[in-house]
A.B. asks: 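Sharing a structure below in structure tokens format, with a few things to ask.
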Amino acid sequence: MTQGQPNPDRDTTAEQQRTDLAATVDALHATMDIPRRAKGKVHEDVERIKRQPATALAAYLYALRTEFVTVAVVLSSLYPVLPVIVGIVFLSERLRRSQALGLAAALTATVLIAVA
């Protein structure tokens, strides 16, 4: 057989390999059942997210009953400060001068109210 001429045995083998590969992929897909697993994961995440506001509200009400109202209200209104601090510490984010001054003022005000 010369080079450039089609080889029927080789073509049949390649076609058989493609068919076997497609069957293997279909079997793996059926075994893994990715759509069902993905829906289950989404359902778990939704349920977890639904519980978070209730937990936050319970903590806020507990703080109002056990601490001074002024401290509890000020601390709860400063919740955006925590993600900023996490971003600075763990993600190495940089703040502009005005943002840094605002963060410092918020933390200073919180300390002043807490010790007053």
A.B. asks: Given side chains that start at C-beta, do those of Leu91 and Val86 come closer than 4.5 Å, heavy atoms only?
C.D. replies: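 Answer no - side chains too far apart.
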
A.B. asks: Are Asp20 and Gln16 close enough that some pair of their side-chain heavy atoms sits under 4.5 Å apart?
C.D. replies: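 A side-chain contact under 4.5 Å exists here.
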
A.B. asks: With Arg97, which residues qualify under side-chain contact (heavy atoms from CB on, under 4.5 Å), at least two apart?
C.D. replies: Leu101

A.B. asks: Taking all non-hydrogen atoms of both residues, which atom of Gln99 and which atom of Arg94 are closest, and how far apart?
C.D. replies: OE1-O, 4.5 Å

A.B. asks: Contact between Thr13 and Gln17 at the side-chain level, heavy atoms closer than 4.5 Å - yes or no?
C.D. replies: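 Yes. Closest side-chain heavy atoms under 4.5 Å.
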
A.B. asks: I need the Ile88 CD1 to Leu95 CG distance, nearest 0.5 Å.
C.D. replies: 4.0 Å

